[in-house]
Amino acid sequence: MKAMLLSEYKKLSIVEMPMPEVGSEDLLVQVKACGICGSDIHGYDGSTGRRIPPLVMGHEAAGVVAAVGNQVKGFKEGDRVTFDSTVSCGRCASCRRGSINLCENRQVLGVSCGEFKRHGAFAEYVIVPYNIAYQLPPQLKFEHAALIEAVSIAVHAANRTPVKLGDTAVVVGSGMIGLLVVQAIRLAGAARVIAVDLEDSKLEVAKSLGADWTLNPKAVDVVAEVKRLTGGRGADVSLEVVGATPTVKTAIDCTRKGGVITLVGNLAPNVELPLQAVVTRELSIFGSCASNGEYPECIEYLSRGDIQVAPLITATAKLEEGPAWFERLYAGEPGAMKVILQPAGAF
Ligand SMILES: [Zn+2]
Ligand SMILES: [Zn+2]
C-alpha cells in the first residue's frame with residue numbers, strides 16, 4: 001500500500017509499505033480522508049517528542065471497512081466509518097470507570113513517543129480496533145467526517161464545563177478547535193459567546209459560526225470589554241484553547257466570581273497561574289483531554305448541521321501532495337486551517 005512516511009524529522013515521502021496485518025479485534029480501513037492536525041505539524045520537527053520516526057502520522061480520519069478480524073462485532077466490509085484517535089483498552093480501571101480518554105494503556109493513532117508506536121492514517125489503509133470505530137450515516141461526506149475527532153474535543157470540553165442555559169461564555173483562541181468550541185458551548189446552553197483571537201480572519205469565521213462578539217487583544221482590552229458586555233461581572237464560563245501564560249491569564253481575568261474556566265489548550269507544558277485571583281474569586285478550573293466517547297453525538301451534530309466544519313477546511317489534496325502541505329503549514333501558511341488528504345483517492 002501507499003503511505004506517507006516520516007522517515008526522519010522534517011522529511012516526508014510517499015513510499016510502498018506492506019499491508020498491515022488484521023488482528024482478531026481489528027478493522028482494516030481504507031482511508032478516504034485524513035486531516036493534518038496541528039499536533040502533526042508540531043511533532044514533525046521533533047519538538048514534541050511524539051512523532052519519533054519512522055512513522056506514518058494521521059489520526060483524524062474516515063474511510064471504508066476493507067476487512068474485519070474474526071472477533072469483530074457490528075462492522076462488516078463496505079461500512080463507512082470514522083474512529084477515535086485514542087486507542088483505549090476497555091479493561092483498565094479508567095476504562096471501567098467510563099473514562100476511556102484516560103485509559104491507562106492509552107495509545108494514539110499516528111503517534112510514536114517511546115512508550116508506544118502506532119502507525120496512523122496517512123496511508124491507503126490503517127488498522128483500528130473495532131471498539132474505537134463508529135458507523136457514519138450515508139449523507140456525511142468523508143472529508144467532513146475526518147473532522148469528527150476535532151469536533152469531539154470541543155464537545156468534550158463543553159461537557160466538562162458546568163455551563164447553564166443563559167450563561168455567557170468566552171472562548172480564548174479561535175483556531176481550529178476554538179471555532180468548534182464556540183459552536184459546542186452554544187449548543188451546551190451558552191446564550192452569548194465571545195470569541196477572542198489575535199487574527200481578525202479567524203474572528204470573522206467565529207462570527208459566521210455563531211459568536212456574538214469577537215475581540216482582538218491587538219485592538220482592545222479584552223478583559224475590560226468582557227466586563228463591559230456582562231454588566232461589569234465577567235463571563236460565567238471561559239474556555240482556553242491555546243495553552244500559554246497570557247491566554248490562561250485572559251481566560252481567568254474574564255471570568256466572574258465563582259465562575260468556571262476549562263483548559264483545553266496545552267501548547268506550553270507549564271504556565272503561570274494568578275493564584276490569588278483563583279482563590280479569592282473562588283474560580284473552578286477544569287482540564288479537558290481529547291474526548292470520552294462523544295462520537296455518536298458529534299456525528300449527529302455534523303449530520304444535522306448544528307456544528308459546521310466546512311468553513312474550517314482550507315484544502316483537500318492527494319496523499320502525494322501531503323509532504324508539500326506539511327512544509328507550507330510548518331512555515332505558517334497564512335489563513336490555513338484544516339488540510340485534508342485523500343490517501344485512497346477522491347472516490
Ligand atoms: Zn489532532
Ligand atoms: Zn483502558
Side-chain angles (χ1 to χ4, degrees), residues 4 6 12 25 31 33-45 47-51 55-63 82-113 115-116 118-123 126 128-134 142-157 173 175-181 184 241-243 264-267 288-295 298 302 307 309 312-314 316 322 325-326 329-330 336-341 343:
M4 181 171 71
L6 182 72
L12 281 168
E25 299 192 351
V31 183
C34 183
I36 301 177
C37 179
S39 66
D40 294 325
I41 301 295
H42 294 306
Y44 165 74
D45 66 357
S47 55
T48 65
R50 307 257 310 156
R51 301 291 188 281
L55 177 72
V56 177
M57 300 188 279
H59 57 271
E60 307 177 347
T82 188
F83 37 84
D84 206 336
S85 55
T86 301
V87 179
S88 49
C89 75
R91 287 177 269 274
C92 71
S94 290
C95 283
R96 280 162 181 261
R97 256 201 322 268
S99 300
I100 57 173
N101 55 332
L102 307 179
C103 173
E104 277 138 52
N105 306 307
R106 178 178 201 256
Q107 296 193 345
V108 183
L109 281 172
V111 167
S112 168
C113 60
E115 283 162 52
F116 65 87
R118 187 149 196 142
H119 284 314
F122 288 132
V126 66
V128 295
Y130 83 99
N131 70 313
I132 64 163
Y134 298 85
F142 288 117
E143 68 255 40
H144 290 177
L147 273 93
I148 288 173
E149 195 260 353
V151 172
S152 77
I153 293 168
V155 168
H156 184 61
M176 182 66 211
I177 302 292
L179 290 167
L180 294 168
V181 169
V241 202
V242 182
V264 187
N266 58 96
L267 214 50
S288 184
C289 176
S291 63
N292 185 23
E294 282 101 339
Y295 271 60
C298 294
L302 238 60
I307 291 185
V309 294
L312 311 181
I313 299 174
T314 303
T316 50
W325 267 113
F326 262 82
L329 294 169
Y330 185 71
M337 279 208 262
K338 187 58 71 187
V339 174
I340 308 267
L341 301 182

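Whatever order the structure lists them in is the order used to number ligands and atoms, beginning at 1.
- Centred on the Zn ion (ligand 2), the angle running from Cys103 (SG) to Cys92 (SG) is recorded as 120°, rounding to 10°.
- Glu149 and Ser85 make their closest contact through OE2-OG, 2.7 Å (heavy atoms, listed as atom of the first residue, atom of the second, distance).
- Rounded to 10°, the angle formed at the Zn ion (ligand 2) by SG of Cys95 and SG of Cys89 is 120°.
- For Asn266 (side chain) and Gly243 (main-chain N/O), no donor-acceptor pair under 3.5 Å exists by modelled atom type.
- In this pair, Phe326 and Tyr44 present their aromatic rings tilted. The plane angle is within the 30 to 60° band.
- Put simply, the side chain of Lys338 gets close to the backbone of Ile36: a donor and an acceptor are under 3.5 Å apart.
- When NE2 of His59 and OE2 of Glu60 are joined through the Zn ion (ligand 1), the resulting angle is 110° to the nearest 10°.
- Residue Asp40 does not count as close to the Zn ion (ligand 1), with no N, O or S atom under 2.8 Å.
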